[in-house]
Amino acid sequence: MAGGRRAHLDRLDNYTRLFSDADFWASFRNIAFVIVGIAVVPTLLGLFLAALLFDYIGKKHGDGFVSLFRSGLYLPQVIPVAVTGLMWGWILAPEGAVNSVLETIGLNSLAQNWLGDPDLALWMVLAVLVWMQLGYPLVLFLSGLQRIDPELYEAASLDGATWWQRFTRITVPILRPEVYVVLVTTTIAGLKVFAQIFVLTGGGPGNSTLVPAYFAYQNFFERADVGYGSAISSTITLLVLIIAGTMLTRQAREDG
Amino acid sequence: MTTHTTSTAPPGHRRKPVKAGAGKANATGNRRTPGSYAVLAAVAVFVLAFLAPFIVILLNSFKTSADFRTNGSLSLPAQWNWSIIAEVWERVGFTQKLLNSIQISLGVVLIAVLLALFNAYAIGIGRIRWRTPFLIFFLGVNVLPQEGLVYPIYYLFKEMGLYDGKLGYTILVGITYSAFGTYLLSSVFAGFPRELIEAASMDGAGRWTILWRIVLPMSWPTLSVMCVFFFVWSWNEFLYPLVLLISNDNQTVPLGLSVMQGQYTSDPTAMSAAALLGIVPMVVFFLVFQRSLTRGMTAGAVK
């Protein structure tokens with residue numbers, strides 16, 4: 001219990017230390033990237049793909065193709081995150097598949113240490129996150145599209161609406177609730193992101209891919225600095241609760 | 001494969017199934033054109049490229065190191081070689097990890113689903129007092145990040161002698177998931193036909209009878225989807241097992257494999273064999289339960 005008492009005395013110190021810690025601020029800057037990779041890009045790409053599959057491929061070439069493509073794109077969602085990290089860590093390694101492809105097509109000069117370069121690592125993490133997450137909005141949007149009365153699309157087509165007009169005027173407005181759900185859940189997931197970073201880069205090189213959850217973990221279990229780790233994880237918890245609370249009450253209000 | 005596109009919409013919004021290329025509606029341009037084949041091909045190429053990492057892993061898990069060094073990571077294996085997989089299997093103790101993962105995930109599913117069923121029965125059908133605050137509490141548990149709880153739980157488990165044991169871990173994860181299950185089931189139960197329950201209780205059925213004979217059979221679709229989901233989630237769990245299940249005999253599949261990363265960075269074929277071992281069980285599960293998985297996700301996300 002002596003530890004508990006000390007933690008109590010250090011409590012404010014830990015928070016003042018937090019605000020002047022470059023690593024902590026770096027981890028928050030990186031979270032902004034992570035949210036782009038885990039929430040924004042998959043949502044936009046997922047919207048486009050869902051509309052393309054539902055309103056074009058499904059109508060012209062049958063639902064079989066839609067199911068097949070949907071399953072393929074959803075697959076990364078069921079693989080353990082740790083294994084996904086293992087797999088991409090290997091593919092992006094200096095001797096990995098990406099460099100070997102570049103070599104085969106004669107672009108040796110483009111070969112990189114993808115995860116080992118501080119300027120590139122975060123972008124690679126972002127790309128892996130997009131790959132992992134795309135299936136989630138896609139499946140959700142495709143099921144949301146079932147709500148749309150097919151006659152709506154037909155009427156629009158008869159009035160001479162182009163595919164793009166149907167997409168922006170019918171598909172996107174009708175999918176608003178799903179878009180909202182995807183953005184809320186993935187933004188929260190982004191704030192908590194841990195395993196991907198742990199397995200892919202360990203926060204490095206330097207602090208170029210450090211995220212708050214990993215930073216807290218380091219302090220708890222690697223540096224045995226429990227007070228500081230607690231300050232970090234309390235900050236994440238508070239942020240998640242604020243964001244989730246705001247978004248959920250907004251959603252409840254919109255639902256009536 | 002083509003049937004389940006219609007089953008995902010919530011009941012209130014259900015529409016007549018859209019038949020692809022159904023005869024008379026074709027006036028609006030459902031005809032196949034060279035352009036539409038081009039779009040189809042483009043999407044197919046995109047999906048294939050998307051799946052390329054899996055293909056690369058598959059190719060390299062069966063190569064000898066020498067083959068990899070001379071032919072790179074994209075060629076077909078000179079000869080299909082199972083020994084790398086067998087070797088990694090042995091070194092990771094994969095049989096043990098697999099059994100651990102199965103045991104833990106089944107336990108989690110059992111605990112989570114039973115607790116959720118009882119909770120939701122009380123909240124959604126029993127209409128207990130304070131049910132809105134209870135629901136907000138369960139929702140809050142869902143949102144609370146593991147990262148904030150992991151150290152207190154680690155400390156608690158050490159004090160209680162549950163640290164590095166499968167039992168305590170299974171209970172912990174089961175309870176965590178039951179919060180989500182309670183939330184989901186309560187909203188399903190709230191729309192349960194009251195007349196059925198009233199009729200049954202008029203006939204003298206008690207609470208248990210109503211739960212087992214009426215509510216349970218009718219909510220089986222939701223429950224089965226929940227089982228599939230909880231199984232996958234718990235199989236894929238990372239932070240809690242990383243902290244709480246440290247010994248080799250207790251580790252789960254993803255954890256046991258991720259430990260490899262440090263050891264094998266210089267051995268590419270072993271790395272991809274390890275990744276393959278982690279991918280295969282979930283791909284098999286995915287192929288078997290594909291329908292429930294996609295249905296479950298929508299059930300959980302959009303009430």
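By convention in this document, chain letters (A, B, ...) are assigned in the order of the sequence lines, proteins followed by strands, and residues within each chain are numbered from 1.
- Between B/Leu144 and A/Leu241 the shortest side-chain heavy-atom distance falls below 4.5 Å.
- Of the two parts of A/Leu86, the backbone and the side chain both hold a non-hydrogen atom closer than 4.5 Å to a non-hydrogen atom of chain B.
- For A/Ala195, the parts lying under 4.5 angstrom from a heavy atom of chain B are both the backbone and the side chain.
- Heavy-atom minimum distance, B/Val47 versus A/Gly72: CG1-CA, 4.4 Å.
- Contacts between B/Phe286 and chain A at a heavy-atom distance below 4.5 Å involve the side chain alone, from C-beta outward.
- For the pair B/Asn236 (side chain) and A/Val78 (backbone), a donor-acceptor distance under 3.5 Å is present.
- Using a 4.5 Å heavy-atom threshold, the side chains of B/Phe50 and A/Leu75 count as separate.
- Of all non-hydrogen atoms in A/Lys192 and B/Val143, the two that sit nearest each other are NZ-O, 3.6 Å.
- Looking at B/Val253, there are no atoms closer than 4.5 Å to chain A (heavy atoms on both sides), in backbone or side chain.
- Expressed to the nearest 0.5 Å, how far CG of B/Leu239 lies from OH of A/Tyr214 amounts to 11.5 Å.
- If you look at B/Tyr154 and A/Phe221, their ring centroids are closer than 6.0 Å.
- For A/Ser234, no part sits under 4.5 Å from any heavy atom of chain B, backbone or side chain.
- Ring geometry for B/Tyr151 versus A/Phe220: interplanar angle under 30°, hence parallel rather than tilted (30 to 60°).
- Across all non-hydrogen atoms, the minimal contact from A/Val199 to B/Ser258 is CG2-CB, 4.4 Å.
- With a threshold of 4.5 angstrom between heavy atoms, A/Ala213 approaches chain B through its backbone and through its side chain.
- Counting heavy atoms from C-beta on, the side chains of B/Tyr37 and A/Lys60 never come closer than 4.5 Å.
- Looking at A/Leu53, only its side chain comes within 4.5 Å of chain B, counting heavy atoms on both sides.
- Contact of A/Ile232 with chain B is not made at all, since no heavy-atom distance falls under 4.5 Å.
- Taken from CH2 in B/Trp235 to CD1 in A/Ile79, the straight-line distance is 11.5 Å, to the nearest 0.5 Å.
- Ranked by heavy-atom pairs under 4.5 Å with chain A, the list B/Val150, B/Val56, B/Val39, B/Thr33 is led by B/Val39.
- Of the two parts of A/Val226, only the side chain, counted from C-beta on, holds a non-hydrogen atom closer than 4.5 Å to a non-hydrogen atom of chain B.
- In this structure, chain A has heavy atoms under 4.5 Å from both the backbone and the side chain of B/Ala44.
- When each of B/Ser272, B/Ala275, B/Pro145 is scored by its heavy-atom pairs under 4.5 Å with chain A, the top score falls to B/Pro145.
- Looking at A/Leu191, neither its backbone nor its side chain comes within 4.5 Å of chain B, counting heavy atoms on both sides.
- Here NE2 of A/His61 is found 5.0 Å from CG of B/Leu40. Values are rounded to the nearest 0.5 Å.
- For the pair A/Phe69 and B/Phe46, the minimum side-chain heavy-atom distance is 4.5 Å or more.
- For chain A, the nearby part of B/Leu242 is the side chain; its heavy atoms alone come within less than 4.5 Å.
- Under the 4.5 Å side-chain criterion, counting only non-hydrogen atoms from C-beta, A/Val81 is not in contact with B/Phe238.
- For B/Leu139, the part lying near chain A is the side chain, with the backbone staying farther off; criterion is any non-hydrogen pair under 4.5 Å.
- For the pair A/Trp90 and B/Asn60, the minimum side-chain heavy-atom distance is below 4.5 Å.
- Options B/Val243, B/Leu257, B/Leu149, B/Val232 differ in how many heavy-atom pairs under 4.5 Å they form with chain A, and the most are formed by B/Val243.
- Interface remark: A/Ile91 contributes side-chain atoms only to the contact with chain B (heavy atom separation under 4.5 Å).
- With a threshold of 4.5 angstrom between heavy atoms, A/Tyr56 approaches chain B through side-chain atoms but not through N, CA, C or O.
- For A/Leu134, the part sitting under 4.5 Å from any heavy atom of chain B is the side chain, from C-beta outward, and nothing else.
- Minimum interatomic distance between A/Ser233 and B/Glu147 (heavy atoms only, all atoms of both residues): CB-O, 3.5 Å.
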